[in-house]
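Counting from 1, the numbers follow the sequence of the chain as shown.
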Amino acid sequence: INESALLSEVNIEISILKGLDIFTNAHVQGVTKVTLAMCKKMNMSYEDIKKCVVAAYLHDIGKTKIPPEILQKPERFTDEEYEIMKSHSEKSYDICMQFDDLRQYAKDVRAHHESLDGSGYPDKLHGNQISFEARVLKVADVYSALKSKRQYKEEFTLVQIFEIMYKEVIEDKMDATAVYGLLMAVIEEKMFELEHIKINLKEYQKQLDYNEHILTILEKFIKEKASKEDILLNKKMMSYLKKLN
């Protein structure tokens, strides 16, 4: 699958996202990236992946209808504010239903906060009432939220995140297959990062070896050229070069 081509295609289709504030937009981009990685690890077809990716882009579009003083509040929400914030999934659904090309994603977008045990919102759906696309969105959305740092909370570590998600799977709130897809995607990402670090370390070691070689040549040159008159200056220079090494 050509990730760049897919994301470009989706971006062109969804110009409506321009209404998102910068923080929500960053979250949406994060959820979309994670969703794509998860879908690839679950060996989904191109069309199914595209459906999930488009839904990921749209899942928080309803936040354009949430009052800015609530949406951008740096502290925790009051109970009343939280209920208003929760309405974004229904608002996202309503917005999608206004566009012929986006109606097919409306149901998945509306259900991205539903839980398999019926404890989610807005419709308290159970089990198979929740589409697999919506289950994927829920996992990607929660992962992105837990990774993010806020004024009122620190970001969670990967171990903490998967402990939380494992508990959600055990309690029948999250889809196990989607969480496994996320785990595989995160492992692949971390392996890539480790390989990149290894390459950088090798290059850094080469530079250190080169610098040490140059310093050795300079030290030899100074010793050979030193005279009785500049012996004091030479000692200072040698001391400086040793500090650099």
Side-chain angles (χ1 to χ4, degrees), residues 1-11 22-23 25-44 46 49 52-53 56-57 136 139-167 169 176-245:
I1 181 173
N2 188 320
E3 295 182 22
S4 298
L6 173 60
L7 294 178
S8 296
E9 181 181 347
V10 172
N11 266 315
I22 186 171
F23 300 108
N25 186 61
H27 170 70
V28 167
Q29 299 298 330
V31 171
T32 302
K33 180 181 177 182
V34 171
T35 297
L36 175 56
M38 289 170 60
C39 291
K40 288 175 61 182
K41 282 301 176 184
M42 291 185 285
N43 296 316
M44 296 170 66
Y46 180 86
I49 291 177
C52 284
V53 168
Y57 266 114
V136 170
V139 172
D141 183 55
V142 171
Y143 175 73
S144 180
L146 292 175
K147 272 193 68 179
S148 301
K149 185 176 180 179
R150 296 285 188 270
Q151 289 95 327
Y152 53 84
K153 80 168 185 71
E154 293 294 321
E155 63 180 289
F156 289 83
T157 65
L158 283 176
V159 172
Q160 290 172 325
I161 289 173
F162 281 101
E163 284 178 344
I164 291 170
M165 289 191 163
Y166 177 73
K167 186 172 183 290
V169 170
T177 301
V179 172
Y180 181 75
L182 171 66
L183 178 60
M184 292 299 99
V186 170
I187 288 175
E188 182 178 69
E189 179 185 26
K190 292 304 170 185
M191 291 298 293
F192 177 80
E193 289 178 2
L194 284 174
E195 287 302 316
H196 189 65
I197 289 172
K198 287 180 182 178
I199 292 172
N200 285 341
L201 285 175
K202 286 180 180 179
E203 292 301 319
Y204 183 62
Q205 186 61 53
K206 286 181 181 178
Q207 188 62 47
L208 285 177
D209 292 342
Y210 175 75
N211 289 343
E212 185 175 353
H213 177 65
I214 293 300
L215 289 174
T216 301
I217 293 175
L218 288 173
E219 184 176 5
K220 182 179 179 181
F221 174 79
I222 291 173
K223 284 180 178 179
E224 291 176 350
K225 298 298 180 181
S227 63
K228 293 180 180 179
E229 289 78 17
D230 60 13
I231 190 68
L232 182 61
L233 177 61
N234 183 55
K235 286 181 178 179
K236 290 181 179 179
M237 189 176 295
M238 288 299 300
S239 176
Y240 175 71
L241 288 173
K242 286 180 179 179
K243 288 181 181 179
L244 288 179
N245 192 28

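For the pair Tyr143/Leu158, a side-chain contact is recorded, criterion being any heavy-atom separation below 4.5 Å from C-beta on. Using a 4.5 Å cut-off on side-chain heavy atoms (C-beta onward), Met42 and Val136 make contact. At a threshold of 4.5 Å between non-hydrogen side-chain atoms, the residues Leu183 and Met165 do not count as touching.
Interatomic distance, CD1 of Ile49 versus CE of Met38, reported as 11.5 Å (0.5 Å rounding). Atom CE in Met184 sits 15.0 Å away from atom NZ in Lys40 (nearest 0.5 Å). Remark: Lys147 NZ to Thr157 OG1 distance equals 11.5 Å, nearest 0.5 Å. With rounding to the nearest 0.5 Å, the separation of OG in Ser144 from CD in Gln29 is 10.5 Å. Interatomic distance, CE of Met44 versus SG of Cys52, reported as 3.5 Å (0.5 Å rounding). Atom CD1 of Ile187 and atom CD of Glu189 lie 11.5 Å apart (nearest 0.5 Å).
Val31 and Asp141 make their closest contact through CG2-CA, 3.9 Å (heavy atoms, listed as atom of the first residue, atom of the second, distance). Smallest separation of non-hydrogen atoms from Val179 and Phe162: O-CE2, 4.3 Å. Of all heavy-atom pairs spanning Val53 and Thr35, the tightest one is N-CG2, 4.3 Å.
Pairs passing the side chain to side chain donor-acceptor pair (under 3.5 Å) check and including a residue from residues 177-188, sequence neighbours excluded, read Lys41-Glu188.
With sequence neighbours left out, Glu195 forms a side chain to side chain contact (heavy atoms under 4.5 Å, CB included) with Lys198.
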